[in-house]
Amino acid sequence: MSQPRSVPGAPPAPDAPTLPAHRFYELMRTARLLDDEAVALQRQGVFPAYVSLRGQEAAQVGSAAALDRERDFAFPTYREMAAALTLGVDMVGYMASHRALWHGGTYDPIASRFGSVNAVVGGPVPHAVGWAIGERLRGSGGCALAYFGDGASSEGDVHESMNFAGVFGAPVVFLCQNNQWALSVPLDRQVAGGSVAARAAGYGMPGVRVDGNDVEAVYEATAEALQRARGGGGPSIVEAFTYRAAPHSTSDDTGRYRDPAEERQWRDQDPIDRLGAAMRTAGLADDAFFASVEDRARAEAERIRDAVSAAPEPAPSDMFEHVYREPTEELARQRRAWEQEAL
Amino acid sequence: MSQPRSVPGAPPAPDAPTLPAHRFYELMRTARLLDDEAVALQRQGVFPAYVSLRGQEAAQVGSAAALDRERDFAFPTYREMAAALTLGVDMVGYMASHRALWHGGTYDPIASRFGSVNAVVGGPVPHAVGWAIGERLRGSGGCALAYFGDGASSEGDVHESMNFAGVFGAPVVFLCQNNQWALSVPLDRQVAGGSVAARAAGYGMPGVRVDGNDVEAVYEATAEALQRARGGGGPSIVEAFTYRAAPHSTSDDTGRYRDPAEERQWRDQDPIDRLGAAMRTAGLADDAFFASVEDRARAEAERIRDAVSAAPEPAPSDMFEHVYREPTEELARQRRAWEQEAL
Amino acid sequence: MTELALRPDPEERREGPAAPPTPVSMQQAINLALARALEEDDTTLVFGEDVGPLGGVFRVTDGLQRRFGDHRVFDTPLAESAIVGVAVGLAMNGWRPVPELQFDGFAYPAVDQIVNQMARMHYRTRGAAPMPITLRLPSFGGIQAPEHHGESLEALFAHVPGLKVVVPADPGEAYRLLLQSVRADDPVVFMEPKARYWDRAPIGATEPADPIGTARVVRPGRHATLIAWGSMVHRCLQVAELAAEDGVHLEVLDLRWLKPIDTATLAESVRRTRRAVVVHEAPLTAGLGGEVAALVGEHAFSSLAAPVERVAGYDVPYPAGPLERQYLPSVDRILFAVQRTLEFQRA
Amino acid sequence: MTELALRPDPEERREGPAAPPTPVSMQQAINLALARALEEDDTTLVFGEDVGPLGGVFRVTDGLQRRFGDHRVFDTPLAESAIVGVAVGLAMNGWRPVPELQFDGFAYPAVDQIVNQMARMHYRTRGAAPMPITLRLPSFGGIQAPEHHGESLEALFAHVPGLKVVVPADPGEAYRLLLQSVRADDPVVFMEPKARYWDRAPIGATEPADPIGTARVVRPGRHATLIAWGSMVHRCLQVAELAAEDGVHLEVLDLRWLKPIDTATLAESVRRTRRAVVVHEAPLTAGLGGEVAALVGEHAFSSLAAPVERVAGYDVPYPAGPLERQYLPSVDRILFAVQRTLEFQRA
Ligand SMILES: Cc1ncc(C[n+]2csc(CCOP(=O)(O)OP(=O)(O)O)c2C)c(N)n1
Ligand SMILES: Cc1ncc(C[n+]2csc(CCOP(=O)(O)OP(=O)(O)O)c2C)c(N)n1
Ligand SMILES: [Mg+2]
Ligand SMILES: [Mg+2]
């Protein structure tokens, strides 16, 4: 098992091991436990709905860990919880989006260098390009990373973004998590040609498909793309080939459209189990390691679960906040009317 | 010079020669003279504006001639006058669009199997895909051909269309006239990677770039793509690499953005001159041929010019026609009000 | 590249529509209408994101692919603009497309194809190109959904020449209006109020539909007219019920066709009641309530005893779950407006 | 892949804006405002299709790239949705983008990025993401242009929470309102009336702008208020001129900010004149005239002596050249409406 050069992800907890694989493992395991907690919260009626990232932990942790948190900026969709975790985003604020406390979440996306949760498939991808062009103009050396799915690759915005970035040589990495399903539509009915990475050549940029369940492979590919972008080499596509192990969301019913055998087959490819086994084989981890990770991960998942469950609902008047920076009299009037009629 | 197998374009005039090259030459020459007439009509104030296709005659005649006029359907942009001519569209009705008598022109696009003039860059491309899917469902064996430019290739709609067609295996040919300019923006600031045909691989479909000023090469490439589509082989991209020899439109000023030397250089590549010279060399045409073509082409261009100039303006009340098939009372009311106030 | 290979099971095809259970949900009513449309006209096609094996995120197309085959009912790539653009091309080739866009907020990427192409193709071609498209759009709020899943685009569509726009308020209406829209030869935007998908009622499948562009009085009254569409019809009925307890008799008008609007019925009602309150979920400013107020002003000016009241969403982006209740017109807010209109005194 | 290599010529950079010739065209006034915005704030960026060497199809950005360099003023690929999306990303990274969409009818492909992203990003991020974008949009008809080159999208934009929308009517207004929009920290859709690009007037470059959201009375009068924006302000002034000859004194109100609307000025005027005619180019149904009529009804009901008249485009797709004159509100049609409002008798 090769070791990445460095992992500029979240600073390790004081008592955490320091090898990248150890960090990856702990992040993935924490994400998994938190994901499980979130599914449970939905069942308990605390979350109205939740989109699980189960199976995609390696794709998210590996890619996010490659970012420089001082300079780079990630643009997520609605399924990048493990990426948020890796980047040190306030996870209670992140989960607030799933509790429907505020659509974008309640963390500060600018300070976190991790955009708000965004539900428009493909919609945030051009933002990454604009951010990257701006960074390049300023010469500050940061890179943007745009997360999107196999389904999103069908949207016009994703194409416009790739072409735009190619023309400008913008420092952006298009990180496709190809989990082989876009809700109920399988890859072969979604992506003509079957590969998002293969689109790169048509834009004159490098594109690579990596095993998305191999966290180090994803890390390496993303780091390479970022390094190239940072050096003025322009954009690239990294396609992490993985599998959406859970239903699309807690409202979904996979029984209607996919074969449970496929799910079982991919269960053997679980990215966390794979890394764990490889670490054992390589002598990088023993029972004590796994036990201590488990303790910390569980504590963290439970802390976040409890905090998001306990988070106060937004004040009703929050509805009128942040519509504008420079408020309008008309909106103030509506707010006064609301105060009289609704409070 | 190789000869295409057959040219199912407009039936030859009674006294016209019958070899494909002869037909191509005459169509291109007619298109050129009609184009010149149209530019003149704009100068005279008969047309409010005109978009010349000068330099692209081979790309249009060659591609349109490959279509089966009984079964296929072409979707043009605003610059496909020579394609319309080749397909036997009522050219007075076509030119009516440029005289601003009716936006889409006054020919019948369904009967002509040639869509209305469409000014939205990229907009008609998904129509071709839909038409082709419908044709395939019916099993009638027709193919759709979508014209678009290098600039259009940047639009989301073009990508969504290519991917959609790829997924459905739709019988459609994406015919890009890459004339190296999108208004004032040159190819290298428009198309990342530089080639539209190169995008095809990313959709798992064949793509080919041909010399767009070689009418027979364009014909061959289009015919091959159509044959494949008709046989169930799905969509392809044909990129005819050519040059917009004239300004973008009669309102344009190329002096602001491109080097006259480039224009001069491409003048030597004029597709009509090239075919004429090749025909002479091959012994397929002599002075008498060129003289007789010239006579017929001029007569045809002048006939169309005179007819479109003399065409009646639309009746003001036409504004209220065709908004719906099943008219609404509200619109009838507005029409009555208009009759009282405006007539 | 995959093929449209799956053909309908001929056994299932023969069956015909299941006898409508009584009562049925709006979801099922739309499903039954789609099945009937697919059955009665071989050129009808149903497609969109996840409408096939999944049966749509609201199960509205449940079972249709199995019954009619995946050449008649099919999933598309995730590309709203192309979905509408493909529908336009299919229509030009003689088909009768019934595309679905999955959620209201995801209709925005298709606005160009809707406005510049679907709505204008018949005009542009001087009537040569048929354009009998019914664009189904699960719409409006009330289900505490994530962002973009609770939008009200009716004002946008109602402004576009060449479109017709309709919103059913109950299962029977949904059944009749959808069949009518599919059979119509003009493009119709069919906005389904998500919050009512689970309402159950007998659908009266054999009742004839009223003409396109007609509103309906769902509760007669004499003191003021409440004008609404979709879910807000129900809210207005609740309000009318409450007001009746106080002896105030409110007429509730389900406008339903938002383009063309039934000005005659609207004007007749308000001329009689002399007071009007229009209620919608969309933000107040430049919402369709302005159009309704203007029409009332134009056609019932002399009868009007008070300004037309508008009760609408606030001019804020659609808020998250717990705030939705505050955002949507509530019974209380409508009652306040009724009170204002009843108590109005000319200055 | 090409680079943003060209840097501004330092000589030219030092010059500052050319002293505005008096009078200047609206085109030039906008150019001067853009130059000033680029000069006073290094984070301002101007981009769009053909805005660089060509200087825009209306020459509005003429010379700006040469003067400020192609890192500040640059051409984009032909992709409207990405143009707005890139502006959103630039704004998130601390820039002040001034993107142009080439023509009104080509704003439709960008509607998703405008509505779902640009207008909501500040809200979605609870104020964390600045969004000081000014989206320039050559708008409206009157130049007998090809299809899609003469649209009126103001009702669509005015309906979107989070946006501000403004339309200048003359060169001085264009100069001041554009600078104000660029300096403002909220997204503004700046709709430029193409038909007035060539109007010349002194621009009063040092005059302060009125606050955002204020209308202006361009001609006082007492018999009725004409309410308009953009080109229609001029048409209304013509009408007022003609009416004055008959002793009818019309007030002309340039609404100019269509979001937020200056309800106070509007109401004050109509309370005084007791009659209102709203004029716009967009199709009648669900146009912004409905909003204006509703506001007048709400705020001046007791003063109103007649229904608010609406003179608008018809509910048809924008017609070709020779029909445009028939389509746009004409002096005659506005005069008819004035006559109706003056002669109105309560039933
Ligand atoms: C523009 C848009 N259209 C439709 C939807 C509804 N929708 C939400 S997720 C989804 C599937 C997305 O698939 P993919 O991009 O592969 O991401 P994944 O869910 O697999 O992570 C769909 C259709 C949406 N959110 N946005
Ligand atoms: C959606 C859209 N955006 C912008 C325009 C304005 N416009 C008209 S033609 C043109 C350039 C098109 O370039 P290309 O696709 O290469 O075709 P060409 O004009 O070279 O034939 C532009 C920007 C338009 N018509 N449609
Ligand atoms: Mg996916
Ligand atoms: Mg071109």
Tell me, side chain or backbone of A:T328 under 4.5 Å from chain C's heavy atoms, or both, or neither? neither

Honestly, the part of A:A119 sitting under 4.5 Å from a heavy atom of chain C is both

Okay, A:Q334 and chain C: the region with an atom under 4.5 Å from a heavy atom over there is both

For each of C:E49, C:R59, C:Q144, tally heavy-atom pairs with chain A at distances under 4.5 Å, and name the one with the top tally. C:R59

Contact leader toward chain C among A:P48, A:G151, A:A182, where contacts are heavy-atom pairs under 4.5 Å: A:G151

For C:L323 against A:A315, the heavy-atom pair lying closest together: CD2-O, 3.8 Å

Between C:P77, C:G321, C:S81, which residue shows the highest count of heavy-atom pairs closer than 4.5 Å to chain A? C:P77

Heavy-atom distances under 4.5 Å only: say whether A:E330 touches chain C with side chain, backbone, both or neither. side chain

So which of A:W102, A:Y257, A:W338 has the largest heavy-atom pair count under 4.5 angstrom toward chain C? A:W338

Under 4.5 Å from a heavy atom of chain C, the part of A:L331 involved: side chain

When rounded to the nearest 0.5 angstrom, what distance separates CZ in A:F320 from OH in C:Y327? 10.0 Å

When the 4.5 angstrom heavy-atom criterion is applied to C:E80 and chain A, the contacting part is both

Among C:D75, C:D62, C:V316, C:L78, who wins on heavy-atom pairs under 4.5 Å with chain A? C:L78

Quick one: closest heavy-atom pair of C:A79 and A:E155, and the distance? CA-OE1, 4.0 Å

Going by heavy atoms in the side chains, are C:P319 and A:M319 under 4.5 Å from each other? yes

Shorter than 4.5 Å, heavy atoms on both sides: which option in A:A337, A:P314, A:A342 has the most such pairs with chain C? A:P314

Only pairs of heavy atoms separated by less than 4.5 Å count here; which of C:P146, C:S330, C:G105 has the most with chain A? C:P146

Restricting to non-hydrogen atoms, name the atom on C:H148 and the atom on A:V120 that form the minimum distance, rounded to 0.1 Å. NE2-CG2, 3.3 Å

Are the side chain of C:Q326 and the backbone N or O of A:S317 linked by a donor-acceptor pair below 3.5 Å? no

Does any backbone or side-chain atom of C:F336 lie under 4.5 Å from a heavy atom of chain A? Answer side chain, backbone, both or neither. side chain

Using non-hydrogen atoms only, which part of C:L335 is less than 4.5 Å away from chain A: side chain, backbone, both, or neither? neither

Please output the residues of residues 106-115 of chain C in contact with chain A, using a heavy-atom cutoff of under 4.5 Å, in numerical order. C:F106

A:R325, CZ atom: more than 12 neighbouring heavy atoms under 6.0 Å: yes

Just how far is it from atom NE2 of A:H103 to atom OH of C:Y318, taken to the nearest 0.5 Å? 8.5 Å

Counting only heavy atoms not in A:R256, do more than 12 sit closer than 6.0 Å to its CZ atom? yes

Contact part of A:D253 toward chain C, heavy-atom cut-off under 4.5 Å: side chain, backbone, both or neither? both

Should A:L183 and C:L54 count as side-chain neighbours, where that means a heavy-atom distance under 4.5 Å? yes

Please report the interatomic distance CD(C:E147) to OH(A:Y78), rounded to the nearest 0.5 Å. 14.0 Å

So which part of C:Q102 gets closer than 4.5 Å to some heavy atom of chain A, the side chain, the backbone, both or neither? side chain

Please classify the contact between C:A82 and chain A as side chain, backbone, both or neither, with a heavy-atom cut-off of under 4.5 Å. neither

